[in-house]
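Values below: every heavy atom of this structure, side chains too, minus hydrogens, waters and symmetry copies. Throughout, residue positions are numbered sequentially from 1 according to the sequence presented.
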Amino acid sequence: DDDELMLHNMQIADTLRLMMARQDLTEDEKVIVQRLAMKSFHLPGNTFWEDWVQFVCNNHIIISFCFAHPLHPFKKRERLINLM
């Protein structure tokens with residue numbers, strides 16, 4: 001289990017590194033990617049309720065499959081594998 005968790009964390013880190021290297025992302029989008037990867041409760045410019053909704057949409061095991069932020073480094077494929 002520890003080896004699988006370590007491999008999973010390395011894959012997420014690689015995905016995050018690739019996303020941060022993208023030239024088409026603005027600096028604000030890069031901040032959002034970093035905060036989503038850290039499961040942050042607050043995204044820039046959001047109100048309390050917007051933050052709550054984004055947190056649930058990005059971190060709930062089922063809801064996130066359909067409603068995760070498009071910049072979230074944890075993609076649908078990883079979410080599906082996590083569900084199994």
Side-chain angles (χ1 to χ4, degrees):
D1 273 347
D2 288 339
D3 290 337
E4 289 177 19
L5 181 61
M6 191 167 138
L7 178 61
H8 176 72
N9 288 339
M10 288 172 54
Q11 290 170 335
I12 294 294
D14 287 342
T15 301
L16 181 58
R17 246 188 313 285
L18 288 173
M19 289 191 76
M20 296 306 292
R22 287 177 41 184
Q23 299 299 317
D24 61 324
L25 293 181
T26 66
E27 288 304 313
D28 289 340
E29 289 173 328
K30 289 181 180 183
V31 168
I32 290 172
V33 169
Q34 289 175 327
R35 291 191 180 179
L36 289 171
M38 295 184 308
K39 294 188 175 187
S40 179
F41 288 90
H42 178 67
L43 293 182
N46 281 4
T47 65
F48 171 81
W49 291 111
E50 289 169 332
D51 281 334
W52 182 81
V53 168
Q54 75 81 19
F55 183 79
V56 170
C57 287
N58 287 304
N59 295 296
H60 189 278
I61 195 163
I62 296 172
I63 294 173
S64 66
F65 187 73
C66 296
F67 299 106
H69 195 285
L71 292 175
H72 200 292
F74 198 41
K75 299 300 179 198
K76 286 187 179 186
R77 181 175 178 270
E78 289 98 359
R79 293 178 190 281
L80 181 61
I81 291 169
N82 202 28
L83 252 172
M84 294 180 185

- Taking the side chain as every heavy atom from C-beta outward, state whether Arg35 and Pro44 have any atom pair closer than 4.5 Å. yes
- Got a sec, which residues hit side-chain contact (heavy atoms from CB on, under 4.5 Å) with Glu29, two or more places apart in sequence or on another chain? Leu25, Thr26, Leu71
- Message: If we ignore hydrogens and angles and just use 3.5 Å, is the side chain of Glu50 paired with the main-chain N or O of Thr47 as donor and acceptor?
- Response: yes
- Polar side-chain atom of Asn58 near backbone of His69 as donor-acceptor pair, under 3.5 Å: yes
- Message: Determine whether Leu36 and Leu43 satisfy the following criterion, side chain to side chain contact (heavy atoms under 4.5 Å, CB included), listing intermediate values before the conclusion.
- Response: CA-CA 8 Å; Leu36 289 171; Leu43 293 182; 4.3 Å; yes
- Treating Ile, Leu, Val, Met, Phe, Trp and Tyr as nodes and any side-chain heavy-atom pair under 4.5 angstrom as an edge, say whether Phe65 and Ile63 lie in one connected cluster. no
- Query: Counting distance only, does the side-chain N/O of Lys75 pair as donor-acceptor with the main-chain N or O of Pro70 below 3.5 Å?
  - Reply: yes
- Same cluster (ILVMFWY, side-chain, under 4.5 Å), Val56 and Val53: yes
- Separation between CD of Glu27 and CD1 of Ile32, rounded to the nearest 0.5 Å: 12.0 Å
- Message: Test of understanding: with side chain to side chain donor-acceptor pair (under 3.5 Å), list the residues that count as partners of His42, not counting sequence neighbours.
- Response: Asp51
